[in-house]
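Here the structure is laid out as structure tokens; the discussion comes afterwards.
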Amino acid sequence: MKNKNVEFVVTVDKCDNKRIIPIESFQKIFNVKTILRRKKSGSNPLPKKYYEDFCHEIEKEFTNYKIFIDKSRLYVKFNNNLLKSDCYLNSNIPGKKFFLSKKENNIYDSNNHRLFK
């Protein structure tokens, strides 16, 4: 909080009374414990440099689909909804897979799925 220049925390007690607590007193009043957990995997929007590889993988795995771009994002529309297991696609890039994230009925957003070791 100090890095964000926060000076006070406003909270409400059991009786619905507002309390203003200075950051310097925070540790005296609250017992705070945190655990940092590193993500094992994650997904993010597909960079344009991977569009060709992604389209190639879609072509290998599916028929009856339409690929389109909306607001700089690559989407795939299918005739039916996919099973969760069908949403992971291989890639020619080591350590990466593609992930189809459902957005609407039969429409999926393309994502770059990172695999961490």
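The analysis underlying the following values was restricted to heavy atoms, covering all of them including side chains, and did not include hydrogens, waters or symmetry mates. Quick caveat, the model's predicted, so the values are computed rather than measured.
- Remark: N79 engages no residue in a side chain to side chain donor-acceptor pair (under 3.5 Å) (not counting sequence neighbours).
- Screening residues 48-58 for side-chain hydrogen bond (donor to acceptor under 3.5 Å, both in side chains), with sequence neighbours left out, gives D53-S91, D53-N92, E57-K60.
- Between K97 and L89 the shortest side-chain heavy-atom distance does not fall below 4.5 Å.
- When hydrophobic side chains of Ile, Leu, Val, Met, Phe, Trp and Tyr are connected at separations under 4.5 Å, L83 ends up as a singleton with no cluster partners.
- Atom CG of N80 and atom CZ of F62 lie 11.0 Å apart (nearest 0.5 Å).
- Remark: V10 engages I20 in a side-chain contact (heavy atoms from CB on, under 4.5 Å) (not counting sequence neighbours).
- In this structure, the side chains of V9 and F30 stay at 4.5 Å or more apart for every pair of heavy atoms.
- Heavy-atom minimum distance, I58 versus V76: CD1-CG2, 4.2 Å.
- With sequence neighbours left out, the side-chain contact (heavy atoms from CB on, under 4.5 Å) criterion links C87 to L82, F99, L100, Y108.
- When all heavy atoms of I67 and C55 are compared, the closest pair comes out as CD1-SG, 3.7 Å.
- With sequence neighbours excluded, no residue forms a ring pair (Phe, Tyr, Trp, His ring centres under 6.0 Å) with F8.
- Remark: N81 engages K102, N105 in a side chain to side chain donor-acceptor pair (under 3.5 Å) (not counting sequence neighbours).
- Counting only residues at least two apart or in different chains, salt bridge (charged side-chain N to carboxylate O under 4.0 Å, His left out) contacts with residues 12-22 comprise D13-R19.
- Connectivity analysis of hydrophobic side chains (ILVMFWY, heavy atoms under 4.5 Å, direct or indirect) links I107 to F68, Y75.
- Looking at residues two or more places apart in sequence or on another chain, you find a side-chain contact (heavy atoms from CB on, under 4.5 Å) between I29 and I21, S25.
- Residues N64 and F78 fail the side-chain proximity criterion, which asks for heavy atoms closer than 4.5 Å.
- Sequence neighbours left out, the pairs with a member in residues 66-90 that pass salt bridge (charged side-chain N to carboxylate O under 4.0 Å, His left out) are R73-D109.
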